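Chain identifiers are assigned alphabetically (A, B, ...) following the order of the sequence lines, protein sequences preceding nucleic acid strands; residue numbering begins at 1 within each chain. This structure is a prediction, so every number in the text was calculated from the model and none was measured.
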Amino acid sequence: MSYTPGEIEAKWQKIWEEEQAFEPSDSHEQKKKYILSMFPFPSGRLHMGHVRNYAIGDAFARYYRKQDFNVLHPIGWDAFGMPAENAAIKHGKHPREWTYSNIDYMRKELNSLGLSFSKTREFATCDPLYTKHEQKFIIEMFEKGLLYRESTTVNWCESCHTVLANEQVEEGCCWRCDNEVQLKEMPGYYLDIIRYADELLDDLEQLEGKWPSQVIAMQRNWIGKSQGLEFRFELSEESRKKLNGKFDGYEVFTTRPDTLFGITYSALAAEHPITKYMLEHGLLDTRTAEKIKAISNMTEVERAQQGKEGYPLGISVIHPQTGEEIPVWVANFVLASYGGGAVMAVPAHDERDFEFATKYALPIKRVIEGGSELPYTGPGTLRDSGRFSCVDNEEAKTAIINIMEEEGKGRGTTNYKLRNWGISRQRYWGAPIPFVHCPSCGLVPEKRENLPVALPEDVEITGEGNPLENHPTWKYCACPKCGQDAVRETDTLDTFVQSSWYQFRYATNPKRWNEVGIDKADANYWLGVDQYIGGIEHAILHLLYARFFTKVLRDLGHHDIDEPFNRLLTQGMVLMDGAKMSKSKGNTVDPDALVEKYGADTARLFILFAAPPQKELEWNDSAVEGAFRFIKKLYDRKSKVTGSTLPDIDQESLDKASKLARVKVYEALQKSTDVYEKTFAFNTLIAACMEALNALDKQNNGAVWTEGMFIMLNLLEPIIPHTAAELSEMLFNRKNFNAVLEVKEEVFVQESILYVVMIGGKKRTEIEVSPSAAKDEILAAAKEAGSKWLQGMQIVKEIVVPGKLVNLAVKPA
RNA sequence: GCGGACAUGGCGGAAUUGGUAGACGCGCUAGAUUCAGGUUCUAGUGGGAGCAAUCCCGUGGAGGUUCGAGUCCUCUUGUCCGCACCA
């Protein structure tokens, strides 16, 4: 009977469904593994990236299940987000309807791949039950002072009609639609992720070796911790008067307190409060005012392209040590978002300050010895720095911070590049932010018993404005505190909020999904995720937010876990002709068509075989054929099996080919532990199985065939589960899936060992010697076999690597 | 500029952690089956010389350590990715 993937796969998918084969046990006693592939956005159809992601995850899940772990391998849907609204605008369908019908379709597609998901824990993040608990967490964060509302300059995407978090701006453009991001002043809700910056940074150490080093590096970089001195520049008397006494100084931050005596000017951002005040009160001449406004309207990217620009503000500050008067400028390179939007400028020892000072002919004062040219940013000894002259600059850093602290003028401090996470979005299809604006009570959270604050169903989505804002009645409500007329918040939560805690939701027993968002005991048992699999594109956004939420929810008492994802595998992209598969490029392969033609097992085998999972995978139709051929061959060899259990084999009685076949089979078995625990190189495990099958084919011993198939089907079950199950049932009554397979060392014992003979570092010939041969015997045999290369040579050194080779170092006699 | 990764046949990729480079698969060549193509099977397949035994060269490049280097060290070239005026 030939291989019929369609029938076999349908049969097994039905059996698994009926057996509820992949539900984890509720018991917390058993050893566990939590295997998680990043959940999909229900865009409509599966693409090859999904297939790769879930094929990898499923291999882990099935492997550990066979090792007798209690395995949690869930799936769900990251269901809120803009594409649902865009589809609504395009097709006139409600986002909810669009989303859930996509989920139904994609669930079928996932089923057809034979993935071993738990079915009882599936949910979509737009389910009211999920929103309810998320809103509760948000309120708890507000009550803890971790969430606040503030009006600031934000990144605005005009095409998406919404605010974006810093992490969602890529090269000045929207991460989703690539539209240029504008700056806009508006109120929004923020989560104080900076409060957790140190922990987020420090705990990266625990992930060393378990997460890709690149991802760890990217997160470190993104948090961007730097230490230095924060101090206050006092405005000169005259300048205070000029500013109508509204300001008496401002704070600056520097990582180079050692260069304090080299300050020759100070620069403010165009958005700095003093700059703004001067603009608003006509304290600047018209031309300068216009130039500054022009800077304000530029994005950071544009400013960088423009080159250094600035204008004197006609005010001055006092140097905190020398008492000198220092001119204050406004400069386009000073970022409002970092270090308070103001800097001290030391042109002699900072490249930017130097460039600016040169352009505007500002004084340059060297205070550190070293280098022949300015600016000099290296180490050295201080000069012209008062009592700190002649001190090493590293020592001076601490010394100057100490003096400034003693004199009450400044303090040693830490700054982060990381900004607080802006979580409000001006869109409909998201979780409403559960607050009410009351004229008397201010910002008030909705009452717990009224959660979830649900989205209105009768809504018109046109793409213009915020549909919640425009809804005729939805936002009008009573204040939860005082009962008077109030207005509901119409912003919804960033969808990254949902994906920040879903790993805890899966872990929570569905029986308790109504009363709790996260069950503490369940979470503590299942988390952290033992293997997380997903794309590198989430290296910062999702993975940082999820780590942050984990720590916050821990501190709110919902669990005791510090890090959500113990091990991370970032899969490479699926490419076609060197480019990422995408509908717009028309270079896609449809998973459904592939499964239809070859079956899910071939699709899974190919995808795991074609490249290591971390690397990009180039699609290759003929290589898919190759994967198909292997499965057919495996299926065909069922006729070679002569027994239904693992046979006892008398190694001595076997011929050479059979012995070799056993070696290959057991090598594959050895390999599998390494692959799942360390290397993730499924491609090499599959190659080892192919080698084993090739070697089995070269011999005809029924017992060796039986043993080989028994073991190989076990090894291949995580990869080609349907075919493996079918053959295993037919041949072994599925007993080989429960069996604990042990490597039999006697298989590797050979009656003669092949030694490579190297002479002068080059491979010359081979010798066969008995395993019991002494070193002298081996050397003698090697010298005899290599005699023709030894003529006229003197042996300088003799090396014998046991079981491997002999190397004779020679020189001309 | 800072940070990270990578470089091996025509292609995807192996190499037990310093020990026979190119496993496995694709492609290609020849033959067999079939003969319309495909399928399937057998043999070959890093480059060069040679009828052959065999020899020389070979893991981006140049050095070094070593009996022995794809693997370790130094320098260098190139590619990819992330961040980027972060004071």
Side-chain angles (χ1 to χ4, degrees), chain A residues 170-171 212-222 224-226 228-229 252-256 259 266-267 269 300-301 303-308 331-335 337-346 349-353 355-356 377 415-419 536-537 539-540 605-606 609-612 614-627 629-630 632-633 636 664 667 670-671 674 681 683-694 754-766 788 795-810:
Chain A
E170 294 169 351
E171 290 177 14
S213 56
Q214 193 194 173
V215 176
I216 294 176
M218 281 165 77
Q219 292 218 352
R220 279 218 175 93
N221 214 318
W222 189 263
K225 181 176 182 171
S226 57
L229 169 72
V252 294
F253 172 73
T254 178
T255 53
R256 295 294 307 272
T259 64
S266 169
E300 285 183 9
V301 179
R303 293 184 208 192
Q305 283 161 355
Q306 187 191 21
K308 302 279 175 294
N332 67 344
F333 69 89
V334 180
L335 305 176
S337 56
Y338 186 81
V343 297
M344 68 176 214
V346 184
H349 305 291
D350 181 284
E351 279 166 25
R352 293 152 307 174
D353 297 348
E355 197 187 326
F356 191 83
T377 54
N415 246 307
Y416 302 91
K417 282 197 240 177
L418 182 70
R419 299 292 89 208
I536 186 81
E537 66 272 19
I540 295 173
L605 182 69
F606 165 73
F609 180 58
Q614 301 90 336
K615 286 193 77 168
E616 292 179 336
L617 185 155
E618 178 67 37
W619 196 262
N620 179 337
D621 283 327
S622 359
V624 176
E625 293 273 0
R629 256 198 299 277
F630 171 74
K632 276 196 293 192
K633 186 167 156 187
D636 177 68
K664 291 291 178 188
E667 275 177 357
Q670 265 182 330
K671 184 130 220 151
D674 239 34
N683 53 330
T684 64
L685 176 58
I686 295 165
C689 288
M690 288 173 168
E691 275 187 76
L693 189 60
N694 289 346
L754 200 65
Y755 274 77
V756 167
V757 178
M758 296 175 85
I759 293 166
K762 282 180 183 164
K763 182 196 167 186
R764 290 303 179 187
T765 185
E766 291 169 349
K788 78 184 253 201
I795 298 175
V796 190
K797 198 168 181 181
E798 297 165 338
I799 290 121
V800 178
V801 182
K804 294 275 183 195
L805 57 79
V806 178
N807 192 1
L808 303 171
V810 292

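Take A:Arg764 and apply the side-chain hydrogen bond (donor to acceptor under 3.5 Å, both in side chains) test, not counting sequence neighbours, and it matches no residue. Here A:Trp619 pairs with A:Phe606 under the ring pair (Phe, Tyr, Trp, His ring centres under 6.0 Å) rule; sequence neighbours left out. A:Glu355 pairs by the side chain to side chain contact (heavy atoms under 4.5 Å, CB included) definition with A:Lys308, not counting sequence neighbours. Residues passing the ring pair (Phe, Tyr, Trp, His ring centres under 6.0 Å) test with A:Tyr755: none are found, sequence neighbours excluded. Legend: residues meeting ring pair (Phe, Tyr, Trp, His ring centres under 6.0 Å) with A:Phe333, ordered by chain and number and at least two apart, are A:Phe356. With sequence neighbours left out, the side-chain hydrogen bond (donor to acceptor under 3.5 Å, both in side chains) criterion links A:Lys633 to A:Asn694.
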Grab the N/O contacts between the protein and nucleotides 39-43 of chain B below 3.5 Å, and write none if there aren't any.
none

Where do N or O atoms of nucleotides 30-32 of chain B meet protein N or O atoms at under 3.5 Å, pair by pair?
none

Scan nucleotides 67-73 of chain B against the protein and return all N/O pairs shorter than 3.5 Å with their distances rounded to 0.1 Å.
residue	atom	partner	partner atom	Å
B:C67	OP1	A:Lys797	NZ	3.2
B:C67	O2	A:Asn807	ND2	2.6

For nucleotides 79-86 of chain B, give me every protein contact, N/O to N/O, under 3.5 Å, one pair per line with atom names.
residue	atom	partner	partner atom	Å
B:C85	O3'	A:Arg352	NH1	2.7
B:C85	O2'	A:Phe333	O	3.0
B:C85	O2	A:Lys308	NZ	2.2
B:C85	N3	A:Lys308	NZ	3.3
B:C85	N4	A:Arg303	O	2.3
B:C85	N4	A:Ala304	N	3.1
B:C86	OP1	A:Arg352	NE	3.1
B:C86	OP1	A:Arg352	NH1	2.2
B:C86	OP1	A:Arg352	NH2	3.2
B:C86	O5'	A:Arg352	NH1	3.2

At a cut-off of 3.5 Å, list every protein nitrogen or oxygen paired with a nitrogen or oxygen from nucleotides 51-56 of chain B, distance to 0.1 Å.
residue	atom	partner	partner atom	Å
B:C55	OP1	A:Arg764	NH1	3.3
B:C55	OP1	A:Trp789	NE1	2.8
B:C56	OP1	A:Arg764	NH2	3.4
B:C56	OP2	A:Arg764	NH1	3.3

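If you take atom C1' in B:U71 and the same atom in B:C80, they sit 22 Å apart, rounded to whole Å. Comparing the same atom, P, in B:U33 and in B:C51 gives a spacing of 32 Å after rounding to whole Å. With P as the reference atom, B:U29 and B:G13 are 24 Å apart, rounded to whole Å.
OP1 or OP2 of B:G25 has at least one side-chain nitrogen or oxygen of A:Asn694 nearer than 4.0 Å.
As rounded to whole Å, 20 Å separates atom P of B:G1 from atom CG of A:Asp353. Per the geometry, CD belonging to A:Glu618 stands 15 Å off P belonging to B:G27, to the nearest Å.
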Whenever both distances are under 3.5 Å in a Watson-Crick or G-U wobble pair, mark it; put RNA chain B into dot-bracket that way, with [ ] for crossing pairs and | when the partner is on another strand. (((((((..(((......[....)))((((((.......))))))((((....))))..(((((..]....))))))))))))....

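Residue A:Gln306 places its CD atom among more than 12 non-hydrogen atoms of other residues, nucleotides or ligands, all under 6.0 Å distant.
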